[in-house]
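Here's the structure we're looking at; comments come further down.
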Amino acid sequence: EVQLVESGGGLVQAGGSLRLSCAASGFTADEYVIGWFRQAPGKEREGISLIRSINGNVYYGDSVKGRFTLSIDGDMNTGAKITVHLLMSSLKPEDTAVYFCAAHPGLGSDGMEGDWLFNSWGQGTQVTVSS
């Protein structure tokens with residue numbers, strides 16, 4: 001069973017930075033995709049970034065390109081526990097949301113993917129950006 005545990009959320013001023021982490025374990029599929037999503041009150045869940053184990057390619061949503069960076073500690077292809085980081089810079093009040101880590105088995109596809117494709121989710125971590 002895939003387990004995803006997020007950490008690192010908190011309160012930050014606009015223009016500041018914050019790093020989220022997702023401890024990911026229990027992968028048994030040969031290939032998988034890990035992504036970050038966020039959901040603000042009253043809004044639909046939005047894809048932020050994802051990485052594909054097949055090639056290590058990273059993708060970003062348009063709203064965070066150039067500001068957010070996804071990185072990984074560990075090897076996605078060994079089945080061992082890894083940690084997926086999301087470094088968020090130049091934060092804006094509109095970045096305020098609950099941030100989720102998610103994963104699904106398979107090759108994935110080029111570009112961002114819809115949240116309906118992800119079958120494992122973390123509990124989420126709150127990020128609040130004050131103006």
Side-chain angles (χ1 to χ4, degrees):
E1 179 184 0
V2 174
Q3 293 189 328
L4 305 167
V5 180
E6 303 97 334
S7 61
L11 174 64
V12 63
Q13 288 189 331
S17 298
L18 203 61
R19 190 176 81 158
L20 305 182
S21 297
C22 172
S25 62
F27 294 102
T28 58
D30 289 338
E31 306 297 342
Y32 54 96
V33 178
I34 297 179
W36 282 98
F37 292 82
R38 69 185 181 187
Q39 188 164 24
K43 294 189 176 181
E44 293 187 354
R45 194 152 50 190
E46 175 189 10
I48 299 301
S49 181
L50 64 82
I51 182 168
R52 301 170 61 196
S53 69
I54 183 67
N55 53 22
N57 284 359
V58 179
Y59 304 93
Y60 298 94
D62 289 341
S63 63
V64 304
K65 281 180 182 176
R67 300 189 299 123
F68 289 14
T69 304
L70 186 152
S71 62
I72 284 194
D73 286 338
D75 188 337
M76 294 186 75
N77 297 305
T78 64
K81 179 180 175 179
I82 61 172
T83 302
V84 184
H85 302 289
L86 185 69
L87 176 62
M88 306 183 295
S89 303
S90 302
L91 283 163
K92 306 173 183 179
E94 51 263 44
D95 293 318
T96 295
V98 178
Y99 284 70
F100 298 91
C101 181
H104 73 74
L107 299 175
S109 57
D110 289 337
M112 293 299 293
E113 298 179 356
D115 60 355
W116 61 88
L117 294 173
F118 292 77
N119 59 359
S120 298
W121 290 83
Q123 81 287 353
T125 186
Q126 176 71 46
V127 172
T128 303
V129 184
S130 63
S131 57

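Here the structure is a predicted model, which is why all the values come from computation and not from measurement. Starting from 1, each residue takes its place in the sequence as its number.
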Work out which heavy atom in [X] is nearest to a heavy atom in [Y]; give both atom names and the distance.
{"X": "Ala24", "Y": "Leu4", "answer": "CB-CD2, 3.6 Å"}
{"X": "Ser21", "Y": "Thr83", "answer": "CB-CG2, 4.0 Å"}
{"X": "Ser120", "Y": "Val2", "answer": "OG-CB, 3.6 Å"}
{"X": "Gly108", "Y": "Glu113", "answer": "CA-OE2, 3.0 Å"}

Atom [atom1] in [X], atom [atom2] in [Y]: separation rounded to 0.5 Å?
{"X": "Glu1", "Y": "Ser25", "atom1": "CD", "atom2": "OG", "result": "9.0 Å"}
{"X": "Ser131", "Y": "Gln13", "atom1": "OG", "atom2": "CD", "result": "9.5 Å"}
{"X": "Ile48", "Y": "Leu86", "atom1": "CD1", "atom2": "CG", "result": "7.5 Å"}
{"X": "Tyr99", "Y": "Ser7", "atom1": "OH", "atom2": "OG", "result": "15.0 Å"}

Residues in side-chain hydrogen bond (donor to acceptor under 3.5 Å, both in side chains) with [X], at least two apart?
{"X": "Gln39", "result": "none"}
{"X": "Asp73", "result": "His85"}
{"X": "Gln126", "result": "Thr128"}

Quiz prompt | ring pair (Phe, Tyr, Trp, His ring centres under 6.0 Å): pairs with one or both residues in residues 11-31, sequence neighbours excluded | solution = Phe27-Tyr32
Quiz item: Do the side chains of Leu18 and Leu11 join up, straight or via other hydrophobic residues, at under 4.5 Å, putting them in one cluster?
Solution: no
Quiz item: Would you say Trp36 and Val5 are hydrophobically clustered, going by side-chain heavy atoms of ILVMFWY under 4.5 Å?
Solution: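 In one cluster: no.
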Can you pull the salt bridge (charged side-chain N to carboxylate O under 4.0 Å, His left out) pairs that have at least one residue in [range], sequence neighbours excluded?
{"range": "residues 12-31", "result": "none"}
{"range": "residues 46-57", "result": "Arg38-Glu46, Arg52-Asp110"}
{"range": "residues 122-131", "result": "none"}

Practice problem: Look only at the side chain of Glu6 and the backbone of Gly124, and say whether a donor-acceptor pair between them is shorter than 3.5 Å. | Solution: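 Here the side-chain-to-backbone pair exists.
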Quiz item: Should Val58 and Ser49 count as side-chain neighbours, where that means a heavy-atom distance under 4.5 Å?
Solution: yes
Quiz prompt | Ser71 side chain near Leu87 side chain, heavy-atom distance below 4.5 Å | solution = no
Quiz item: To which residues is Ile54 joined in a hydrophobic cluster, defined by side-chain heavy-atom contacts under 4.5 Å among Ile, Leu, Val, Met, Phe, Trp and Tyr, whether direct or through other members?
Solution: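 Leu107, listed by chain and number.
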Quiz item: Remaining members of Phe37's ILVMFWY cluster at a side-chain heavy-atom cut-off under 4.5 Å?
Solution: Val33, Leu50, Tyr59, Val98, Phe100, Met112, Trp116, Leu117, Phe118, Trp121
Quiz prompt | Crowding at CD, Gln123 (>12 non-hydrogen neighbours, <6.0 Å) | solution =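 Atom CD in Gln123 is packed in, count exceeds 12.
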By side chain to side chain contact (heavy atoms under 4.5 Å, CB included), which residues pair with [X], not counting sequence neighbours?
{"X": "Lys65", "answer": "Tyr60, Asp62"}
{"X": "Thr78", "answer": "Asp75, Ala80"}
{"X": "Val129", "answer": "Val12, Ala14, Leu91, Pro93, Asp95, Thr96, Val127"}

Quiz item: Pick one: which of Ile82, Asn77, Ile34 meets side chain to side chain contact (heavy atoms under 4.5 Å, CB included) with Ser53?
Solution: Asn77
